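Here the structure is laid out as structure tokens; the discussion comes afterwards.
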Amino acid sequence: MNITKEPNTRQPTIQQDIFQVVALIPYGKVATYGQVAALAGYPRHARLVGYALNRILAPDSDLPWHRVINAQGRLSLHKLDIHAEELQRFKLEQEGVVFAEGRVNLKTFQWQP
DNA sequence: AGAGTGACATATT
DNA sequence: CAATATGCCACTC
């Protein structure tokens with residue numbers, strides 16, 4: 001075979017980086033999109049985070065995607081799937097995250113690495 | 001190859 | 001609180 005060069009030249013995509021960071025979010029804590037983006041090395045790519053997560057959103061995914069919320073302490077899934085939002089909330093509550101007035105108190109539950 | 005899109009963030013009104 | 005504006009840029013078509 002003629003293997004002149006390594007096909008695996010693709011550098012880590014933002015999705016991969018996001019994937020790694022989200023996987024680090026501890027149980028019972030949440031992170032904002034901007035936070036995840038910054039930790040992944042993409043300071044102002046909050047939107048990209050959402051986009052990336054959208055791609056990996058899978059039932060068998062090991063990613064705690066439900067621990068990623070927006071900067072207002074609210075869930076942002078409703079635009080895609082209103083039901084998924086309820087599921088996300090349910091999952092978070094099971095982890096001990098408290099919703100007050102329909103939102104999470106980030107001061108209390110935001111992941112602080 | 002260029003235009004459109006987006007699980008957002010921040011600031012302002 | 002809600003609406004609006006702007007930034008940001010990888011990804012999709």
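In what follows, every chain begins at residue 1, and chains take the letters A, B, ... in the order their sequences are listed. For clarity, every value in this text was computed on a predicted model and none was experimentally measured. Side chains are part of it too, since the values below use all heavy atoms of this structure and drop only hydrogens, waters and symmetry mates.
- The CG atom of Leu92(A) lies 4.5 Å from the CZ atom of Phe99(A); values are rounded to the nearest 0.5 Å.
- As rounded to whole Å, 8 Å separates atom P of dA7(B) from atom NZ of Lys79(A).
- With Lys29(A) contributing its side chain and Val97(A) its backbone, the two residues share no donor-acceptor pair below 3.5 Å.
- The CD atom of Gln88(A) lies 11.0 Å from the CG atom of Asp81(A); values are rounded to the nearest 0.5 Å.
- No contact: Arg67(A) has no heavy atom under 4.0 Å from any strand.
- Atom NE2 of His78(A) is separated from atom P of dA7(B) by 10 Å (rounded to the nearest Å).
- Bounding nucleotides for the chain A contact on DNA chain C, 5' to 3', at a heavy-atom distance below 4.0 Å, are dC1(C) to dT12(C).
- In this structure, Arg55(A) atom CZ and dA7(B) atom P are separated by 10 Å, rounded to whole Å.
- Using a 4.0 Å heavy-atom criterion, one finds that Ile14(A) contacts the sugar-phosphate atoms exclusively.
- Sequence order on DNA chain C of the closest nucleotides to Tyr51(A) and Ala46(A) puts Ala46(A) first from the 5' end.
- Residue-level contact check: Asn70(A) touches the backbone only, with heavy atoms under 4.0 Å from sugar-phosphate atoms and none from bases.
- Of the two residues near DNA chain B, Asn54(A) and Gln72(A), the one whose nearest nucleotide lies more 5' is Asn54(A).
- To the nearest 0.5 angstrom, Ile69(A) atom CD1 is 11.5 Å from Leu77(A) atom CG.
- Contacts of Leu80(A) with the nucleic acid, taken as non-hydrogen atoms under 4.0 Å apart, involve only primed sugar atoms and P, OP1 or OP2.
- Here Glu95(A) does not pair with Lys91(A) in a salt bridge; the nearest charged N to carboxylate O distance is not below 4.0 Å.
- In the hydrophobic clustering of ILVMFWY residues, with side-chain heavy atoms under 4.5 Å counting as a link, Trp65(A) and Tyr51(A) come out apart.
- At whole-Å resolution of the value, CD in Gln15(A) and P in dA7(B) are 13 Å apart.
- Nucleotide dG6(B) holds its C1' atom 5 Å from the CZ atom of Arg47(A), rounded to whole Å.
- Separating the CD atom of Glu86(A) from the P atom of dA7(B) is a distance of 18 Å, rounded to the nearest angstrom.
- Atom OG1 of Thr32(A) sits about 8.5 Å away from atom CG of Asn70(A), to the nearest 0.5 Å.
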